[in-house]
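So the structure is just underneath, and the comments pick up after that.
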Amino acid sequence: ARTSNGLVVLGDDVHAIGHPYGEDWTYTRGYVSQYRKNYAWQSGIADHHVADVIQTQTPINPGNSGGPLFNLEGQVVGINSQIYSRSGGSIGLSFAIPASVAVGVIEQLKDHGKVQRGWLGVAIQDVNKRLAESLQLGTPQGALINAVEQGSPADKGGIKPGDVIVRFDGQIIVDSGDLPHVVGMMAPGENAKVEIYREGK
């Protein structure tokens with residue numbers, strides 16, 4: 001599947017440059033191994049921060065963060081941001097923020113001086129085959145609403161636990177991981193049309 005920036009696909013060669021451990025410019029090469037939606041960083045700064053990330057096998061180390069991840073055409077597809085490591089050094093599992101996400105953040109900082117994200121106020125889960133059958137949904141798809149926060153935009157909009165959101169602001173919700181990304185890209189206060197599946201309709 002194509003990443004949200006449309007510049008890389010799984011298995012593509014990607015390259016990184018940076019200053020690992022304060023050394024001079026270095027170049028490393030790897031490939032895109034996964035595109036993770038709504039990945040939760042486990043860091044001392046933000047244990048619950050959620051973002052879409054490109055997972056890559058490109059070796060990066062402390063000092064590479066903030067540097068570019070680029071494809072064979074020289075297009076920047078991501079910004080190297082995190083590694084998974086028990087020792088602090090690279091074990092070949094690293095993450096980059098997609099360029100499209102970074103561009104959106106830059107535009108908001110220019111326009112507003114801070115990043116603003118949409119919020120719906122729901123707890124969600126995937127719809128597997130068994131749930132789809134029990135809900136008479138047919139195809140496993142969408143985001144099943146487990147809970148709605150009182151007074152939230154979802155509550156005011158009439159969304160209820162048990163609803164399945166299948167389309168949000170014109171975008172099809174294939175699985176629950178699609179919903180936070182689509183909602184987060186909206187500006188606070190902006191209206192959105194939501195298509196839900198409820199009680200067989």
Hey, is CD1 on I172 packed in by over 12 heavy atoms from elsewhere, all under 6.0 Å?
no
Taking salt bridge (charged side-chain N to carboxylate O under 4.0 Å, His left out) as the test, write out the residues that go with E149, two or more places apart.
none
Give me each pair satisfying side chain to side chain donor-acceptor pair (under 3.5 Å) with a member in residues 129-139, each pair once, sequence neighbours excluded.
none
Are P161 and V148 packed together at the side-chain level, in the sense that at least one heavy-atom pair is separated by less than 4.5 angstrom?
yes
Contacts of A192 that satisfy side chain to side chain contact (heavy atoms under 4.5 Å, CB included) - sequence neighbours left out
F168, D169, M186
Taking salt bridge (charged side-chain N to carboxylate O under 4.0 Å, His left out) as the cut-off, I'd like each qualifying pair that reaches into residues 151-164, sequence neighbours left out, listed once.
D163-R198
Scanning both residues in full, the closest heavy-atom pair of T28 with P59 reads OG1-O, 2.8 Å
Mind checking what makes side chain to side chain contact (heavy atoms under 4.5 Å, CB included) contact with V127, not counting sequence neighbours?
L131, A132, L137, L144, V164
Could you give me the CA-CA distance, side-chain angles and deciding distance for T58 and N80, then say whether side chain to side chain contact (heavy atoms under 4.5 Å, CB included) is met?
CA-CA 10 Å; T58 308; N80 297 316; over 6 Å; no
Are I145 and Y197 co-members of a hydrophobic cluster defined by side-chain heavy atoms under 4.5 Å apart?
no
If two hydrophobic side chains count as joined below 4.5 Å and joins carry through other members, does I54 share a cluster with I79?
no
Around D111, counting heavy atoms of other residues, nucleotides and ligands shown, do more than 12 lie under 6.0 Å from its CG?
yes
Apply ring-ring contact (aromatic ring centres under 6.0 Å, His included) to F70 and list each qualifying residue two or more places apart in sequence or on a separate chain.
H15
What are the two closest heavy atoms between A102 and I97, and how far apart are they?
N-CG2, 4.3 Å
Could you go step by step and tell me if Q125 and S176 meet the side-chain hydrogen bond (donor to acceptor under 3.5 Å, both in side chains) rule?
CA-CA 6 Å; Q125 74 175 71; S176 64; over 6 Å; no
Among the clusters formed by ILVMFWY side chains lying less than 4.5 Å apart, do I196 and I124 turn up in the same one?
yes
